[in-house]
Amino acid sequence: MAFGTYKEVVSARATDKAIQKVAQDGGIVSALLCYALEENIIEGAIVAGDTEDAWKPEPTIAMTPEEIIAAAGTKYTFSPNAIRLKEAVRQYGLEKIGTVGTPCQIMGLRKMQSYPFSTRFVADKLALIIGIFCMENFPRDSLKTFVEGKMYSSLDNVNKMDIGKGKFWITDPEKESGLALKETHGYEQAGCNICLDYVAELADVSTGSVGSPDGWSTVFTRTDNGADIFTAAVEAGVIETKPMDDVKPGLELLKKLANGKKDKGRKEIERRVNMGLPSPF
Amino acid sequence: MLDGLKNKLRKFLGLEAKPDAEDDEAKAKLKQEMKSEVEAQSKPAEEAKKAADAAAEEEAKKQAESSEQISKESSTQEVEKVADKPKIGYIHMSGCTGDGMSLTENYDILSTLLTDMVDIVYGTTLVDLWEMPEMDLALVEGSVCLQDEHSVKELMEVREKSGLVCAFGSCAMTGCFTRYARGGQLAQPKHESFVPISDLIKVDCAIPGCPASPEIIAKVVVALINGDMDYLQPMLDMAACNLACGCDLQTNVVSKALCCGCGTCVLACPTRALEMVEGRPSHNKNRCIKCGACTTHCPRTWFPEEQIKKDLGL
């Protein structure tokens with residue numbers, strides 16, 4: 001069970017050129033949220049928006065497709081979107097909310113939905129939760145440390161970050177450069193080391209680049225709700241798909257990474273428990 | 001009628017309806033489990049004996065009543081005769097009544113819940129009764145004041161008379177904002193020590209929240225009726241917890257290398273005492289009311305994966 005429970009897995013991308021231009025990979029998150037917003041499946045979305053400080057995203061309540069697209073692209077640091085959920089419900093008065101998150105962020109939201117101890121009339125407002133594949137996340141100062149210290153650039157100059165083909169990539173005005181991923185190891189937050197979820201197993205729909213060619217994303221539909229929305233978006237022509245069997249590198253690579261994260265996580269949990277430290281998993 | 005209501009409840013909670021036969025089975029199972037829970041957990045021999053006696057008495061009562069036609073009408077006396085509905089008491093100690101109000105926010109299900117599914121056999125303003133009767137479950141809202149002999153006595157009586165005692169809301173579970181009391185108020189200035197009820201009696205189950213949300217209350221009620229002990233387990237596990245504040249997040253999560261920066265604690269905090277700074281919860285102790293919502297909601301303190309998958313149909 002490397003991928004958790006899912007209904008269907010496909011390779012997909014947004015058909016909208018405006019989204020393709022700014023998207024990290026296939027633009028699935030932007031396209032799905034925009035589609036859901038336009039179809040009134042959601043009334044707003046909580047996304048990782050940019051701030052004045054480079055690579056310091058902040059949870060942002062997007063009320064228009066433009067605002068969603070403005071937040072496109074992966075930020076390899078924290079944007080705890082959950083923290084604005086109450087505000088979106090109570091101050092913005094949104095009854096149907098979409099959001100996007102890493103696997104651990106989705107665990108927090110799902111736990112809140114199953115056990116809503118302290119979140120009066122919030123849990124039922126989440127209409128669409130999109131998960132993104134995640135191996136680990138970096139504190140912003142970690143990014144700064146290796147972007148400056150090992151890649152001789154600065155966060156202010158970096159236009160795009162990406163992880164792929166074994167490297168951490170940055171694009172700045174001068175060049176594109178890559179740093180071997182093992183050089184970034186040890187800079188991830190320690191909480192990631194016990195995580196067993198690579199492919200956001202509890203999301204409605206989860207997506208990420210691994211398994212699909214450049215410019216495309218791998219997409220798992222999981223819940224009934226998630227599958228309905230994704231299918232409708234495909235039928236509406238907002239998203240185009242290809243069978244996973246037709247694309248390279250395909251599911252095998254994804255499986256390797258997903259199982260790799262589980263194995264590593266279990267080992268770390270064992271190590272910690274042997275020292276008398278706690279673990280929820 | 002009961003079945004209709006159960007389906008209504010499930011619909012309200014977004015759960016699928018189950019065949020009815022299963023429900024009866026589940027209900028029987030719950031009774032068994034509730035009983036064994038009481039027996040297993042009562043530590044002192046005296047208490048165990050009392051519980052066993054109470055169970056035997058209940059059994060005898062049930063046998064006597066099984067031949068009687070159960071009346072649907074809900075006057076107090078008749079309600080006491082109905083054996084197969086759980087007898088619930090609501091005990092108000094020191095708190096703001098927020099949890100009780102939260103319960104009443106389940107408008108859709110409340111009237112049928114109160115008349116057809118449970119018997120409220122005791123409760124200030126709810127039941128016209130001075131003597132505390134035997135109860136299957138006592139919901140205790142509010143902390144207990146050590147200087148108030150009446151409260152202390154009432155709490156002791158609750159433990160004696162009730163099969164299960166539930167700390168209902170954060171004041172009962174952790175002391176919550178009443179922890180900050182320092183006396184000096186009319187009408188009794190020496191009332192200053194307000195503590196979680198688990199400081200004085202054994203608690204079987206806790207529902208934190210300031211207040212506990214209407215939904216969690218409805219979910220607990222449904223779980224009780226269906227005998228869904230898996231759902232209730234985290235609340236049984238939390239029964240002995242009587243410490244909770246933002247500091248605990250630092251101690252038990254961040255300082256234990258568990259925090260992943262997801263922000264669920266900030267979402268849960270009812271007083272905005274937490275904010276995320278550099279991806280970690282930063283705790284403003286001047287705003288914290290020690291309700292424990294942050295620690296309870298954190299996916300890195302305990303994580304109910306099976307329950308979530310069940311709820312999502314995964």
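In what follows, chains carry the letters A, B, and so on, assigned in the order in which the sequence lines appear, proteins first and then strands, with residues in each chain numbered from 1. Since the model is a prediction, treat every value here as computed from it, not as a measurement.
Contacts of A:F117 with chain B are made by both backbone and side-chain atoms, with heavy-atom separations under 4.5 Å. No part of A:P139 comes within reach of chain B, as not one of its non-hydrogen atoms sits under 4.5 angstrom from that chain. Interface remark: A:L277 contributes side-chain atoms only to the contact with chain B (heavy atom separation under 4.5 Å). With a 4.5 Å cut-off on non-hydrogen atoms, A:R272 touches chain B through its side chain but not through its backbone. Residue A:I194 touches chain B through its side chain alone, counting heavy-atom pairs closer than 4.5 Å.
The local environment of CZ in A:R90 is crowded, with over 12 non-hydrogen atoms from other residues, nucleotides or ligands closer than 6.0 Å. For A:K125, the NZ atom is densely surrounded, since the number of other residues' heavy atoms within 6.0 Å is greater than 12.
The greatest number of non-hydrogen atom pairs below 4.5 Å with chain B, out of A:Q105, A:K7, A:E87, is found for A:Q105. The most heavy-atom pairs under 4.5 Å with chain B, out of A:S114, A:C192, A:S279, A:P59, come from A:S114. In terms of heavy-atom pairs under 4.5 Å with chain A, the best-connected choice from B:S213, B:G263, B:C294 is B:S213.
Only one option out of B:C262, B:P299, B:C260 pairs with A:M107 in a side chain to side chain contact (heavy atoms under 4.5 Å, CB included); it is B:P299.
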Check step by step if side-chain contact (heavy atoms from CB on, under 4.5 Å) holds for B:I308 and A:L202.
-> CA-CA 8 Å; B:I308 290 170; A:L202 301 175; 4.0 Å; yes

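For the atom pair B:E215 CD and A:Q113 CD, the distance stands at 10.5 Å (nearest 0.5 Å). From A:T223, atom OG1 reaches atom CG of B:D311 across 12.5 Å, with rounding to the nearest 0.5 Å. Between the CZ atom of A:R222 and the CG atom of B:L314 there is a distance of 7.5 Å, given to the nearest 0.5 Å. One finds the CG atom of A:D204 at 7.5 Å from the CG atom of B:L312 (value rounded to the nearest 0.5 Å).
For residues 261-281 of chain A, the pairs satisfying ring pair (Phe, Tyr, Trp, His ring centres under 6.0 Å) are A:F281-B:F303, with sequence neighbours left out.
Between A:L85 and B:L267, some side-chain heavy-atom pair lies under the 4.5 Å cut-off. Side-chain contact between B:R300 and A:C104 is present, with at least one heavy-atom pair separated by less than 4.5 Å. Within the 4.5 Å cutoff, no side-chain heavy atoms of A:M112 are placed close to those of B:T296.
Residues of residues 251-259 of chain B that come closer than 4.5 Å to chain A, counting heavy atoms only, are B:K256, B:A257, B:L258, B:C259, ordered by residue number. The stretch residues 275-282 of chain B places B:M276, B:E278, B:G279, B:R280 near chain A, each with some heavy atom under 4.5 Å from a heavy atom of that chain.
The minimum heavy-atom distance between B:I216 and A:P116, with the atom names listed, is CD1-CD, 3.7 Å. Considering every non-hydrogen atom in both A:Y115 and B:Y231, the closest pair reads OH-O, 2.7 Å.
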Name each donor-acceptor pair under 3.5 Å that joins a side chain in residues 47-54 of chain A to protein atoms two or more places apart or in another chain, with its distance.
residue, atom, partner, partner atom, Å
A:T51, OG1, A:D53, N, 3.4
A:T51, OG1, A:D53, O, 3.2
A:T51, OG1, A:K56, O, 2.6

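A salt bridge links B:E105 with A:R120: the closest approach of a Lys/Arg side-chain nitrogen to an acidic carboxylate oxygen falls below 4.0 angstrom.
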